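Contents: one structure, followed by commentary.
Remember, predicted model here, so these are calculated numbers, not experimental data. Numbering of residues begins at 1 and proceeds along the displayed sequence.
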Amino acid sequence: MTARIIRDYFVAFRWSNFKTKVANSLYMIVYFAVMLPVIMGMYEKVQYAIIYYLIAIPTIHTVNSGCLHIMKMPKQMYLVPLSQQMKREYIVKSAIFRICFCTLFGAVCTLPLVIFDMCHVITYVVIVYNILTFALIFCGMNERYNIEEREAWPQIKSDTRGIVQGIDIVITIFSLFGIAFLLCQDEGMRNVYVNLIFIIPAILFQLPLTIKHMSYWNKAVEKAMNYEISYDK
């Protein structure tokens, strides 16, 4: 099953899927890739642009993965007579693989920042922590509701995860790109204590919000196992 999960992950990166599933988040991708570096002045020096995109590329990849890989099985697998245990195994392992792959991809992308002495090791740890948080939000329980179905509305309105996700995403984005901005300043992140600006919110706010978000895990898995109540058909 592991081989099937890995294959399904990469097969989802098809142009047809991008056109239909990533369209809703295209504005966010364009903002990260084009507009934000201009606003932050990242094109003033080549080194600034390199620092920015080493952080932005894994962030964009995680957003794409969250759009392309919904917490559910492929439609044809619902038609195959699988046991509940096998369905749960596929859904859970798929989510875990997405989270781990996106985090590992981010860790590899940002590793040159340490290798070429662009940032302190503790800064790198904070960056990877933020990428992991982003992956948990976008690639963990990333259900999609079909708002055309009236029965979906009560659940959307009563689902506090939207608020939790939103706050967590904002903090994570500010942390990631705040670090990118400071890395481009003279001695901006060289002082270990400057990292406390990002470490303290990570512990006091991001971690509790992410734990609250992940507390819905079992309920989301149970829903994804049932084709009839999955709104992303």
| Could you state the interatomic distance from CG (Leu54) to CG (Leu111), rounded to the nearest 0.5 Å? | 10.0 Å
| task | Measure the acute angle between the ring planes of Phe97 and Phe101, then classify it against the limits of 30° and 60° as parallel, tilted or perpendicular. | result | parallel
| task | Check Ile70 against Arg98 and note the closest heavy-atom contact, atom names and distance. | result | O-NH1, 4.2 Å
| query | Taking all non-hydrogen atoms of both residues, which atom of Thr103 and which atom of Ile131 are closest, and how far apart? | reply | CA-CG2, 4.1 Å
| More than 12 heavy atoms from other groups under 6.0 Å of CZ on Phe10 | yes
| query | Under 4.5 Å between side-chain heavy atoms, hopping through other hydrophobics if needed: is there a path connecting Leu209 to Leu207? | reply | no
| message | Using a 3.5 Å distance criterion without hydrogens, assess whether the side chain of His69 forms a donor-acceptor pair with backbone atoms of Ala12. | response | no
| task | Report yes or no: do Val121 and Leu176 belong to one cluster of Ile/Leu/Val/Met/Phe/Trp/Tyr joined by side chain heavy-atom distances under 4.5 Å? | result | yes
| said: Would a single hydrophobic cluster contain both Val108 and Val63, if residues Ile, Leu, Val, Met, Phe, Trp and Tyr are joined by side-chain heavy-atom contacts under 4.5 Å? | reply: no
| field | Steps toward side chain to side chain contact (heavy atoms under 4.5 Å, CB included) verdict (Thr123, Leu113) | value | CA-CA 9 Å; Thr123 308; Leu113 294 174; over 6 Å; no
| message | To the closest 0.5 Å, what do you measure between OG1 (Thr59) and OH (Tyr52)? | response | 8.0 Å
| field | Short side-chain to backbone donor-acceptor contact, Tyr48 and Ala180, under 3.5 Å | value | no
| query | For Phe198 and Tyr129, what are the C-alpha separation, side-chain angles and deciding distance, and is it a ring pair (Phe, Tyr, Trp, His ring centres under 6.0 Å)? | reply | CA-CA 11 Å; Phe198 303 98; Tyr129 171 82; over 10 Å; no
| So, for Pro74 and Asp8, which heavy atoms are closest and what is the spacing to 0.1 Å? | CG-OD2, 3.9 Å
| query | Have Asp168 and Thr133 got a donor and an acceptor in their side chains that come within less than 3.5 Å? | reply | no
| message | Counting only heavy atoms not in Phe13 (residues, nucleotides, ligands), do more than 12 fall under 6.0 Å from its CZ? | response | yes
| Distance from Ile137 atom CD1 to Leu132 atom CG, nearest 0.5 Å? | 9.5 Å
| request: Assess whether atom CE of Met86 is packed by more than 12 heavy atoms of other residues, nucleotides or ligands within 6.0 Å. | output: no
| CD1 on Ile211 to CG on Leu136, rounded to 0.5 Å | 10.0 Å
| Would you call the rings of Phe134 and Phe138 parallel, tilted or perpendicular, where under 30° means parallel and over 60° means perpendicular? | tilted
| request: Compare every heavy atom of Trp217 with every heavy atom of Gly140, then report the nearest pair and how far apart it is. | output: CA-CZ3, 4.4 Å
| query | If you round to the nearest 0.5 Å, how far is CD1 of Ile51 from OG1 of Thr110? | reply | 12.0 Å
| query | Roughly how far, to the nearest 0.5 Å, is OG1 of Thr62 from CG of Asn130? | reply | 11.5 Å
| task | Mind telling me whether Phe32 and Phe177 have parallel, tilted or perpendicular rings, with 30° and 60° as the class edges? | result | parallel
| Can you find a pair of side-chain heavy atoms, one from Leu204 and one from Pro208, that are under 4.5 Å apart? | no
| task | Give the minimum heavy-atom separation between Met118 and Leu183, together with the two atoms involved. | result | O-CD2, 3.5 Å
| Under a single-linkage definition using a 4.5 Å side-chain heavy-atom cutoff for Ile, Leu, Val, Met, Phe, Trp and Tyr, are Leu104 and Ile115 assigned to the same hydrophobic cluster? | no
| task | Scan Ile50, Ile127, Ile60 and name whichever one has a side chain to side chain contact (heavy atoms under 4.5 Å, CB included) with Ile55. | result | Ile127
| What about Ile171 and Leu196, same hydrophobic cluster or not, with Ile/Leu/Val/Met/Phe/Trp/Tyr joined at side-chain heavy-atom distances under 4.5 Å? | yes
| task | For residues Phe181 and Met40, report the shortest heavy-atom separation together with the two atoms involved. | result | CB-CE, 3.5 Å
| Under 6.0 Å from the CZ atom of Phe174, do we count more than 12 heavy atoms belonging to anything else shown? | no
| With a 4.5 Å limit on heavy-atom distance, are the side chains of Tyr9 and Ser94 in contact? | no
